[in-house]
K.L.:
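Quick one: the structure is below, and I'll ask about it shortly.
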Amino acid sequence: QQQVKQSPQSLIVQKGGIPIINCAYENTAFDYFPWYQQFPGKGPALLIAIRPDVSEKKEGRFTISFNKSAKQFSLHIMDSQPGDSATYFCAAGSGSNYQLIWGAGTKLIIKP
Amino acid sequence: ETGVTQTPRHLVMGMTNKKSLKCEQHLGHNAMYWYKQSAKKPLELMFVYNFKEQTENNSVPSRFSPECPNSSHLFLHLHTLQPEDSALYLCASSPSIGGWAQPQHFGDGTRLSIL
């Protein structure tokens, strides 16, 4: 119940395409769903986060879609660029439990 | 200097050595975390400190010993490690602990290799 399942493990997209990374969770107590971006040699950095009371959140070219009934959420990157090539992690947490439960990561490559 | 700084960036040690990892945050946060990152696996939370008090120890072997002298500094003391302990060790901090209002900020990690 504490797992967050992330897919795909790796993804290659042409520049300008829309990569989509999916995550699924079981614990309905989760109320905080962040996405982190990690470049080689760097630590993860918070990209965007969503609460379950909204179905979509956009920040620049990054969009989170949230489906509460399906217990799934996904990250879309519009007009993807080679500079978006990185590993992306989804996570889930709740106010009552500070521990974030992490997905296993998706290595994204954007081809020029 | 800003953000979360970890030293050293790389460490190679034998199984019988004793070494320490250091983390320092300049964000004024009160919570600090140690994570282990292994390839193709979720981040593993090891320890959590909130206002210098340890609040979480996720069944971490005793060969890893954390120390938090103040809210800005966190250490991970290493002793008699095993080859499977080779990984990237990440430090993070947040304003406090718990969910939405407490995003975690990460350092760039220490790449640890056990010979």
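Here is how names work: the chains are called A, B, and so on, in the same order as the sequence lines, proteins then strands, and each is numbered from 1. Since the model is a prediction, treat every value here as computed from it, not as a measurement.
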K.L.:
Do you know which of Gly105(A), Ala92(A), Gly103(A) has the most heavy-atom pairs with chain B at a distance under 4.5 angstrom?
P.N.:
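Between Gly105(A), Ala92(A), Gly103(A), the count favours Gly103(A).
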
K.L.:
Check whether any side-chain heavy atom of Gln37(B) sits under 4.5 Å from a side-chain heavy atom of Phe89(A), and report yes or no.
P.N.:
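Contact flag for Gln37(B)/Phe89(A) side chains = yes.
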
K.L.:
Distance from Tyr35(B) atom OH to Leu100(A) atom CG, nearest 0.5 Å?
P.N.:
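CG of Leu100(A) is found 5.0 Å from OH of Tyr35(B).
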
K.L.:
At their closest point, which heavy atom of Leu46(A) faces which heavy atom of Pro103(B), and how far apart are they?
P.N.:
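Shortest heavy-atom separation between Leu46(A) and Pro103(B) comes out as CD2-CB, 3.5 Å.
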
K.L.:
Relative to chain A, which segment of Thr55(B) carries a heavy atom at a distance below 4.5 Å: side chain, backbone, both, or neither?
P.N.:
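Both the backbone and the side chain of Thr55(B) come within 4.5 Å of chain A.
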
K.L.:
Hey, which of Gln104(B), His105(B), Gln6(B) has the most heavy atom pairs under 4.5 Å with chain A?
P.N.:
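Sorted descending by pairs with chain A, the first entry is Gln104(B).
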
K.L.:
With a 4.5 angstrom heavy-atom cut-off, is it the side chain or the backbone of Lys41(B) that approaches chain A, or both, or neither?
P.N.:
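Backbone of Lys41(B) only, per the 4.5 Å heavy-atom cut-off to chain A.
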
K.L.:
Between Met32(B) and Ile97(B), is there a shared hydrophobic cluster once you connect ILVMFWY residues whose side-chain heavy atoms come closer than 4.5 Å?
P.N.:
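Looking at the clustering, Ile97(B) is in a separate group from Met32(B).
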
K.L.:
Go through Pro42(B), Ala92(B), Gly107(B), Ala39(B) and name the one with the most non-hydrogen pairs under 4.5 angstrom from chain A.
P.N.:
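Winner by heavy-atom pair count: Pro42(B).
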
K.L.:
Taking Met15(B) as the starting point, is it possible to reach Leu78(B) by hopping between hydrophobic residues whose side chains are less than 4.5 Å apart?
P.N.:
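Same cluster: Leu78(B) reaches Met15(B) through Ile, Leu, Val, Met, Phe, Trp or Tyr contacts under 4.5 Å.
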
K.L.:
If hydrophobic clusters are built from ILVMFWY residues whose side chains come within less than 4.5 Å, do Val60(B) and Val48(B) share one?
P.N.:
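Different clusters.
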
K.L.:
Is it possible for you to say whether Phe39(A) and Leu47(A) belong to one hydrophobic cluster, with membership spreading through side-chain heavy-atom contacts below 4.5 Å?
P.N.:
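They do not share one cluster, since no chain of ILVMFWY contacts under 4.5 Å joins Phe39(A) to Leu47(A).
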
K.L.:
Go through the steps for Gln38(A) and Leu43(B) under the test side-chain contact (heavy atoms from CB on, under 4.5 Å), then give the verdict.
P.N.:
CA-CA 12 Å; Gln38(A) 185 176 28; Leu43(B) 270 69; 5.5 Å; no

K.L.:
With a 4.5 angstrom heavy-atom cut-off, is it the side chain or the backbone of Arg9(B) that approaches chain A, or both, or neither?
P.N.:
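Interface part for Arg9(B): side chain.
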
K.L.:
Search all heavy atoms of Pro44(A) against all heavy atoms of Leu90(B) and return the closest pair with its distance.
P.N.:
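So the minimum-distance heavy-atom pair works out to CD-CD1, 3.8 Å.
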
K.L.:
Tyr36(A) versus chain B, heavy atoms under 4.5 Å apart: side chain, backbone, both or neither?
P.N.:
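Side chain only.
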
K.L.:
Is there a path of hydrophobic side-chain contacts, each under 4.5 Å between heavy atoms of I, L, V, M, F, W or Y residues, that connects Tyr49(B) with Val4(B)?
P.N.:
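Not linked; separate clusters.
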
K.L.:
What residue in Lys42(A), Gln9(A), Gln6(A) has the most heavy-atom pairs under 4.5 Å with chain B?
P.N.:
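Among the listed options, the one with the most contacts to chain B is Lys42(A).
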
